[in-house]
Amino acid sequence: MKNLEIAKIFYLMAEFIQMDKASFISIAYNKAGRILESLEKDIEEIYNKGGLDELKKIPGIGKGIAGKIEEYIKTGKIKRYQELKKKCPVDLEKLTSVEGLGAKRIKFLYKKLKIKNLKDLEKTAKAGKIGKLDGFGDKSEKNILQSIEIAKLDKGRFLLGKILPIARNIVNELKELPETENISIAGSARRMKETIGDIDILVISSKPSKIMDFFVQMSGIDKVWAKGMTKSSVRLRRGFDADLRIVKEQSFGAALQYFTGSKDHNIALRKIAQKKGLKLNEYGVYRNNKQIAGKNEKQVYQAIGLSYIEPELRTNSGEIEAALQQAQGKPNQLPKLIGYNDIKGECHCHSDWSDGSETIEGLARIAKKMNYQYLVITDHASPLGIVHGLDEKRILKQMAEIDRVNKKIRGIKILKGIEVDIKADGSLFIKDEILSKLDLVLGAIHSGFKMDKEKMTKRLIKAIENPHVDVIAHPTGRIIDKRPGYQIDFDKILEKAKKNKTALEINAHMSRLDLRDVDIRRAKQAGVKMVIGTDVHNISYFSMMELGVAQARRGWAEKKDILNTSSLKNFLKYFK
DNA sequence: GCCGTTTTCGGCCCGACTGTTTTCAGTCG
């Protein structure tokens, strides 16, 4: 998929263009980059299907940019980009990663001192040559040196599952301050995006100075980027930034809306406000300088003619149109998203019979504490030695053990399941005769990831068509930022899954989150049911259900789309 | 470069903080 490659070039082109003047052309390229990044379909497929006209149908892609996309697909290059790069041959990607350095200053440094990359920059700054330039000073030079160190350590984005606990800790610390009247996580963490670049926190206070003082002096801070009365920003030693914004109570909703994003969602909202003769900013919705909304988010949306939109949906990918429809009582409304407390059972769980670390009885007690009605034990049945998979004999033994635990522990039902390997030809590692005795069979691919698209699609379809397979676990096989996932024809998979009533899993593990949000949305549209499973290997995994539900919400899933929101009875009935 | 329920030209979301200035450009989100 070339979407990300092209997006990256567009971002760089935007920077190059900005070197000469802050132009709307650069804004257009940036926007095109973001569009490509969040596009659910392969841009090359779109182009092959309908050519330039099909590309131009994407909002934000016009004649010029569509042409550049075509050029890249055909030749692997974009001439305009090469030209821009030639004019100022610097390592833009690395240099812009230095906080405080943007296109203009990078060009200036290149023209004056021939600085092309981080190494040149560091050398020149250390020699004291930067502070003497026009528009720079000693402080700029010092900041550049510090920022280089931090840029060197930059690890990019972090998993939501890693960031959320840290963000919540900071929130709890700030909450302790008597000056804090209200507080919320904002930004992409509030939208529950699967990876997070930095932490955004919003505080309501009429005495911001003490809170800001505390914030920039918290433990674990490497550098204070900025400190003001309404806005401060710091770098945490763990490798990412935290931003704090403080507003007054009457602006809480507007600020929360503004600070939650996404950027494109906000821009679209402001345009809508503008058309109505209103102004939307982080302090409220204004008509002729008079605030008409702002205290809570719902009012902000209503003031510009929309229904409230849940944070997880705010990506400007149709939710604004749906909110408009809903506010006007028309069809094609917003989904009634699955709630964080709607899950009635865990359906992907490994015990110490395979590669989990907890006994079945121990797992049952935790699941009961989670208020689940049921827990499906789905140990591996696999030839892979490392997972200590079950064979047919041990499956029967384990069933007996589950019967024993069910008798011993009341208030939760342990179901008999398996996560069985789908072999290269699509057949399963366990005989149908044994599978038929189980309550739930997850089919999963754990080897032979590199198969070509046609073969892999056939392989999965064969498993989907096996009458004993209830669920395909982690259906695309991707690992966030590590493995792209297998080549599959997802539309065909959906078609067969629907026909065979085979469900797809939303694997809730923080580094899998597989299906992706865009896949979930397509599955829902295709009428394919899903389950959310955390792939428990020890007791800490249970809490990742929150991430799985968030993923489902970002994919517009409703309660009825997710089977383990059903009662035990209905859950079993579906899979019979 | 993109876009159109006033427009095929003339707009384009909006504001905070910093450093170097002395009223603002650059950067960031």
Side-chain angles (χ1 to χ4, degrees), chain A residues 10 13-19 21-35 55-69 78 80 95-109 130-144 146-147 186-188 196-202 208 212 216 223-235 241-247 251 254-255 257-286 304 316:
Chain A
F10 285 167
M13 287 177 80
E15 293 285 347
F16 276 123
I17 290 163
Q18 228 185 346
M19 285 177 170
K21 62 172 194 257
S23 130
F24 288 105
I25 300 173
S26 142
I27 292 175
Y29 274 105
N30 261 323
K31 190 179 175 194
R34 291 199 305 273
I35 288 165
L55 293 178
K56 281 195 281 185
K57 278 186 195 158
I58 304 169
I61 308 283
K63 194 175 153 198
I65 286 179
K68 305 276 190 304
I69 295 173
I78 294 174
R80 178 88 185 104
L95 288 174
T96 50
S97 74
V98 176
E99 186 86 10
L101 276 194
K104 293 243 162 55
R105 298 180 107 184
I106 289 170
K107 184 184 178 187
F108 187 75
L109 290 172
I130 286 180
K132 296 192 175 68
L133 292 174
D134 277 352
F136 290 80
D138 288 348
K139 236 172 172 175
S140 296
E141 187 171 270
K142 210 178 120 206
N143 274 333
I144 284 172
Q146 282 184 348
S147 299
S188 49
I196 303 292
D198 58 17
I199 294 177
D200 299 305
I201 294 168
L202 176 68
M212 287 301 187
V216 300
K223 167 131 181 91
V224 178
W225 298 120
K227 182 181 176 233
M229 272 305 147
T230 67
K231 188 177 165 180
S232 293
S233 182
V234 299
R235 160 70 51 148
D241 292 348
D243 296 344
L244 177 64
R245 199 72 202 240
I246 303 181
V247 298
S251 294
Q257 195 292 312
Y258 157 78
F259 213 21
T260 297
S262 68
K263 189 185 179 76
D264 287 326
H265 176 90
N266 285 0
I267 290 174
L269 251 48
R270 286 174 183 186
K271 283 184 179 165
I272 289 175
Q274 214 180 31
K275 271 192 191 149
K276 289 183 179 291
L278 304 169
K279 189 170 80 170
L280 169 61
N281 60 26
E282 56 262 59
Y283 301 108
V285 181
Y286 293 86
I304 60 168
N316 193 26

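These figures come from a predicted structure and were not determined experimentally. Residue numbers start from 1 in every chain, and the chains themselves are labelled A, B, ... in the order their sequence lines are given, proteins ahead of strands. As a basis for the values below, the full set of heavy atoms in this structure was taken, side chains included, without hydrogen atoms, waters or symmetry mates.
- For the P atom pair drawn from B/dT21 and B/dG15, the interatomic distance equals 28 Å after rounding to whole Å.
- At least one side-chain heavy atom of A/Asn266 sits less than 4.5 Å from a side-chain heavy atom of A/Gln257.
- For A/Arg34 and B/dG29, the CZ to P distance is 13 Å, given to the nearest whole Å.
- Each salt bridge (charged side-chain N to carboxylate O under 4.0 Å, His left out) pair with one or both residues in residues 273-284 of chain A, not counting sequence neighbours, appears once here: A/Arg245-A/Glu282.
- Note: CG (A/Asn316) to P (B/dC13) measures 13 Å, nearest angstrom.
- With sequence neighbours excluded, the residues forming a side-chain hydrogen bond (donor to acceptor under 3.5 Å, both in side chains) with A/Lys223 are A/Asn143, A/Gln146, listed by chain and number.
- Across all strands shown, A/Ala32 has no heavy atoms under 4.0 Å from either base or sugar-phosphate atoms.
- The stretch residues 131-142 of chain A participates, sequence neighbours left out, in no salt bridge (charged side-chain N to carboxylate O under 4.0 Å, His left out) pair at all.
- Per the geometry, NZ belonging to A/Lys107 stands 17 Å off C1' belonging to B/dT27, to the nearest Å.
- Contact check for A/Ile106 versus A/Leu101: side-chain heavy atoms found under the 4.5 Å cut-off.
- Atom CD1 of A/Ile196 and atom P of B/dG29 are 14 Å apart (whole Å).
- For the pair A/Lys227 NZ and B/dT27 P, the computed distance is 25 Å after rounding to whole Å.
- Taking CG of A/Leu109 as the start and NZ of A/Lys104 as the end, the distance is 14.0 Å to the nearest 0.5 Å.
- The main-chain N or O of A/His265 is found under 3.5 Å from a side-chain atom of A/Ser262 such that the two form a donor-acceptor pair.
- Comparing the P positions of B/dT6 and B/dC12 gives a spacing of 16 Å, expressed to the nearest Å.
- For the pair A/Asn266 and A/Asp243, nearest-nucleotide mapping onto DNA chain B gives the more 5' position to A/Asn266.
- At the heavy-atom level, A/Asp264 lies nowhere under 4.0 Å from the strands shown.
- Using a 4.5 Å cut-off on side-chain heavy atoms (C-beta onward), A/Leu278 and A/Tyr286 make no contact.
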>> At under 4.0 Å between heavy atoms, how does the protein contact nucleotides 1-11 of chain B? Give one character per nucleotide, 5' to 3', with B, S or -.
In response: BSS--------
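- In this structure, CE of A/Met19 is placed 14 Å from C1' of B/dG26, rounded to the nearest angstrom.
- Partners of A/Tyr29 under the ring pair (Phe, Tyr, Trp, His ring centres under 6.0 Å) rule, at least two apart in sequence or in another chain, are A/Phe10.
- Taking only side-chain nitrogens and oxygens, A/Ser232 never comes nearer than 4.0 Å to OP1 or OP2 of B/dC17.
- When the C1' atom is used for both B/dT20 and B/dA25, the distance is 10 Å, rounded to whole Å.
- Taking atom P in both B/dC2 and B/dC13, one finds a spacing of 15 Å when rounded to whole Å.
- Rounded to whole Å, the distance from NZ on A/Lys139 to P on B/dC17 is 15 Å.
- Here the straight-line distance linking atom CD of A/Gln18 with atom OG of A/Ser26 works out to 4.0 Å at 0.5 Å rounding.
- The distance from atom CG of A/Asn143 to atom P of B/dC17 is 17 Å, rounded to the nearest whole Å.
- Between A/Arg34 and A/Asp264 there is a salt bridge, with a side-chain nitrogen of the basic residue lying less than 4.0 Å from a carboxylate oxygen of the acidic one.
- Contacts of A/Leu269 with the nucleic acid, taken as non-hydrogen atoms under 4.0 Å apart, are absent.
- Under the Watson-Crick or G-U wobble criterion, with both distances below 3.5 Å, B/dT8 has no partner in any strand shown.
- Here the separation of B/dG1 from B/dT5, taken at their C1' atoms, is 24 Å to the nearest Å.
- B/dG11 and B/dA16 have their P atoms separated by 25 Å, with the value rounded to a whole Å.
- Projected onto DNA chain B by closest heavy-atom contact, A/Met212 and A/Asp134 fall at different nucleotides, the more 5' of which corresponds to A/Met212.
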Restricting both atoms to N or O, compile the protein contacts to nucleotides 14-16 of chain B shorter than 3.5 Å, with distance only.
from: B/dC14; atom 1: O4'; to: A/Arg270; atom 2: NH1; distance (Å): 2.9
from: B/dG15; atom 1: OP1; to: A/Lys279; atom 2: NZ; distance (Å): 3.1
from: B/dG15; atom 1: OP1; to: A/Asn281; atom 2: ND2; distance (Å): 3.0
from: B/dA16; atom 1: OP1; to: A/Tyr283; atom 2: OH; distance (Å): 3.0
from: B/dA16; atom 1: O3'; to: A/Thr230; atom 2: OG1; distance (Å): 3.0

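- B/dT23 sits 15 Å from B/dT18 when the C1' atoms are compared, rounded to a whole Å.
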